[in-house]
Structures are given as C-alpha cells and as structure tokens.
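Have a look at the structure below, then the notes.
Numbering of residues begins at 1 and proceeds along the displayed sequence. Nothing here was measured: the structure is a model prediction, and the numbers come from that model. We use all heavy atoms of the structure for the numbers below, so side chains are in, but hydrogens, waters and symmetry mates are not.
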Amino acid sequence: MRRPVKKQPKPKADSIYDSVRLAKFTNYIMLDGKKTIAQRIVHQAFAEIKERTKKDPLEIFETALHNVGPTMEVRSRRVGGANYQIPREVRPERRDQLAMRWITDAARSGKGRAIHLRLADEIIAASKEEGAAFTKRENTHKMADANKAFAHFAW
C-alpha cells in the first residue's frame with residue numbers, strides 16, 4: 001500500500017497574474033536558483049502570448065497545461081522474472097508536474113531564438129493541441145493503450 005502523500009509546500013502566487021500554478025511553472029523554468037531571471041522569462045513569454053493571441057495569457061496557459069497533462073502512463077513492474085509496462089492513471093499533481101516539465105523541455109530544446117519566444121510558441125501550440133509537448137502526451141497515451149493487456153498486473 002502507498003504511504004500517504006506528504007503535504008507539499010506551495011509557492012506564493014505570482015505577483016502579476018496571482019496564480020499559484022504560474023509560480024510553480026516559474027520554478028520549473030528557473031536554473032541555478034536564479035528566480036528573478038525565470039520570472040522575467042515567464043512574464044516576457046506571457047506578454048508575447050497576449051500580443052499574438054489578443055487573449056488572456058493565463059487562460060491560454062491553463063488550457064495548455066490541461067491539453068498536455070497525460071491521464072494515463074505506463075509504469076514498469078517486475079512479475080515472475082519479466083518486466084511489464086503496466087498502464088496506470090496519473091494523479092492530478094503528477095499530471096501538472098509532467099505537463100510543466102514537458103513544456104519547459106520542449107521550449108529549451110529549440111535553439112536559435114530567445115527562450116521567452118520559444119516558451120510562448122510552445123504554450124500557444126499546446127493550447128491548440130500541437131507542438132512537441134502535446135506529441136509527448138500522445139506518445140505516452142499510445143504506450144498505455146498498447147499495454148492494456150497487462151493492466152491486470154496493476155497493484
């Protein structure tokens with residue numbers, strides 16, 4: 001049986017957009033503890049999103065997280081000397097965590113342009129169900145679907 005989930009400390013809400021999820025996303029962008037630089041990158045990306053789409057950037061960000069977050073994933077389990085990929089549902093906290101990680105990884109992988117522009121591109125693409133982060137989610141779902149036969153091994 002799983003041990004109870006620890007109570008995680010939540011970051012303070014973002015100063016401009018008053019969103020805890022955005023503050024958490026800023027922490028994913030942050031490298032080497034440079035939070036002010038991470039906040040500047042996120043705020044510049046949101047300004048770019050607002051300029052391009054003429055909509056509320058926080059709403060587009062929430063849509064992107066919802067679209068990229070997986071509902072199913074595969075977990076490896078050893079049964080009788082063989083490893084099986086068992087499809088499992090994803091807890092809401094992990095869904096958000098994976099979505100944020102995949103969006104930041106996709107933005108970092110594109111080279112040649114400023115990070116805030118790449119981040120804005122990826123968030124807009126994810127809100128339209130496109131882009132590298134959304135493709136990662138689709139691949140995760142395909143893996144879970146392909147391994148449905150092993151669902152009876154779930155613990």
Side-chain angles (χ1 to χ4, degrees), residues 5 8-77 84-151 154:
V5 180
Q8 294 286 334
K10 291 189 177 169
K12 292 179 184 173
D14 186 74
S15 59
I16 295 176
Y17 294 97
D18 196 38
S19 168
V20 175
R21 280 175 114 184
L22 185 59
K24 200 166 193 128
F25 183 69
T26 303
N27 290 340
Y28 275 90
I29 297 291
M30 178 172 55
L31 295 173
D32 300 325
K34 300 188 177 188
K35 193 164 194 163
T36 52
I37 292 174
Q39 286 172 332
R40 188 178 334 129
I41 290 168
V42 170
H43 292 155
Q44 285 174 344
F46 270 45
E48 185 71 23
I49 291 168
K50 187 172 189 165
E51 187 179 302
R52 283 195 215 166
T53 62
K54 308 288 189 250
K55 294 180 183 171
D56 180 28
L58 191 61
E59 195 176 297
I60 290 173
F61 173 71
E62 295 287 341
T63 306
L65 283 184
H66 178 74
N67 289 346
V68 173
T71 55
M72 297 291 287
E73 68 177 345
V74 290
R75 305 290 300 260
S76 192
R77 171 122 193 253
Y84 294 104
Q85 296 289 318
I86 300 172
R88 303 275 316 262
E89 275 191 41
V90 180
R91 294 192 328 271
E93 307 88 42
R94 181 162 168 77
R95 185 176 303 143
D96 278 353
Q97 178 234 337
L98 286 172
M100 289 180 195
R101 186 191 311 160
W102 291 346
I103 289 172
T104 55
D105 287 349
R108 284 193 181 121
S109 67
K111 298 290 181 201
R113 292 171 57 214
I115 183 69
H116 72 275
L117 297 175
R118 291 179 288 171
L119 186 62
D121 286 344
E122 194 57 44
I123 291 171
I124 291 169
S127 70
K128 295 177 182 174
E129 297 187 349
E130 300 168 355
F134 188 76
T135 306
K136 181 104 170 151
R137 174 200 188 231
E138 290 298 305
N139 291 341
T140 304
H141 279 205
K142 282 179 190 169
M143 284 272 292
D145 200 40
N147 287 294
K148 264 187 188 168
F150 305 121

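When side chains are defined from C-beta on, Y17 counts as touching P57, because their heavy atoms get closer than 4.5 Å. In this structure, the side chains of S76 and Q85 come closer than 4.5 Å at one or more pairs of heavy atoms. Under the 4.5 Å side-chain criterion, counting only non-hydrogen atoms from C-beta, L65 is in contact with I103. Residues I115 and R108 have side chains in contact (heavy-atom distance under 4.5 Å, counting atoms from C-beta outward). Taking the side chain as every heavy atom from C-beta outward, D14 and H43 approach each other to under 4.5 Å. Within the 4.5 Å cutoff, the side chain of D105 has no heavy atoms near those of the K136 side chain.
Residues F134 and V68 share a closest heavy-atom pair of N-CG2, 4.2 Å. In plain terms, the two heavy atoms of A45 and A120 that are nearest each other are O-CB, 3.7 Å. Across all their heavy atoms, T63 and S127 have their closest contact at CG2-O, 3.9 Å. Heavy-atom minimum distance, M72 versus A144: CB-CB, 3.8 Å. For S19 against E62, the heavy-atom pair with the smallest separation is OG-OE2, 4.1 Å. Contact detail for I123 and A64: the closest heavy-atom pair is O-CB, 3.5 Å.
Annotation: E138, atom CD; neighbour count of heavy atoms from other residues, nucleotides and ligands within 6.0 Å is above 12.
Between the H141 side chain and the P70 main chain, no donor and acceptor come within less than 3.5 Å of each other. For the pair R77 (side chain) and Y84 (backbone), a donor-acceptor distance under 3.5 Å is absent. Proximity of a side-chain donor or acceptor of R95 to a complementary backbone N or O of V90 within less than 3.5 Å is detected. In this structure a side-chain-to-backbone donor-acceptor pair under 3.5 Å is present from E122 to A133. Judged by distance alone, the side chain of N67 and the main-chain N or O of A126 form a donor-acceptor pair under 3.5 Å.
Here the straight-line distance linking atom OG1 of T140 with atom CG of D145 works out to 12.5 Å at 0.5 Å rounding. The CG atom of D121 sits 10.0 Å away from atom NE2 of H116, with the distance rounded to the nearest 0.5 Å. The structure places NZ of K50 at 12.0 Å from CD of E59, a figure rounded to the nearest 0.5 Å. Here the straight-line distance linking atom OG1 of T104 with atom CE of M100 works out to 9.5 Å at 0.5 Å rounding. Interatomic distance, I29 CD1 to L31 CG, rounded to the nearest 0.5 Å: 8.0 Å. The OG1 atom of T53 lies 10.0 Å from the CD atom of E48; values are rounded to the nearest 0.5 Å.
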* **Verdict with supporting geometry, L58 and F46, side-chain contact (heavy atoms from CB on, under 4.5 Å)** => CA-CA 8 Å; L58 191 61; F46 270 45; 4.1 Å; yes

* Intermediate values then yes/no, side-chain contact (heavy atoms from CB on, under 4.5 Å), E73 and R94 -> CA-CA 11 Å; E73 68 177 345; R94 181 162 168 77; 2.9 Å; yes

* Derivation and outcome, side-chain contact (heavy atoms from CB on, under 4.5 Å), residues F61 and V42 -> CA-CA 11 Å; F61 173 71; V42 170; over 6 Å; no

* Asked: Taking it one step at a time, do I60 and R52 satisfy side-chain contact (heavy atoms from CB on, under 4.5 Å)?
  -> CA-CA 12 Å; I60 290 173; R52 283 195 215 166; over 6 Å; no

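Look at K24 and D96 and you find no salt bridge, because none of the NZ, NE, NH1 or NH2 atoms lies under 4.0 Å from a carboxylate O. A salt bridge does not link E130 with K128: every distance from a Lys NZ or Arg NE/NH1/NH2 to an Asp or Glu carboxylate oxygen is 4.0 Å or more.
K35 is linked by a side chain to side chain contact (heavy atoms under 4.5 Å, CB included) to N27, M30, Q39, counting only residues two or more places apart in sequence or in another chain.
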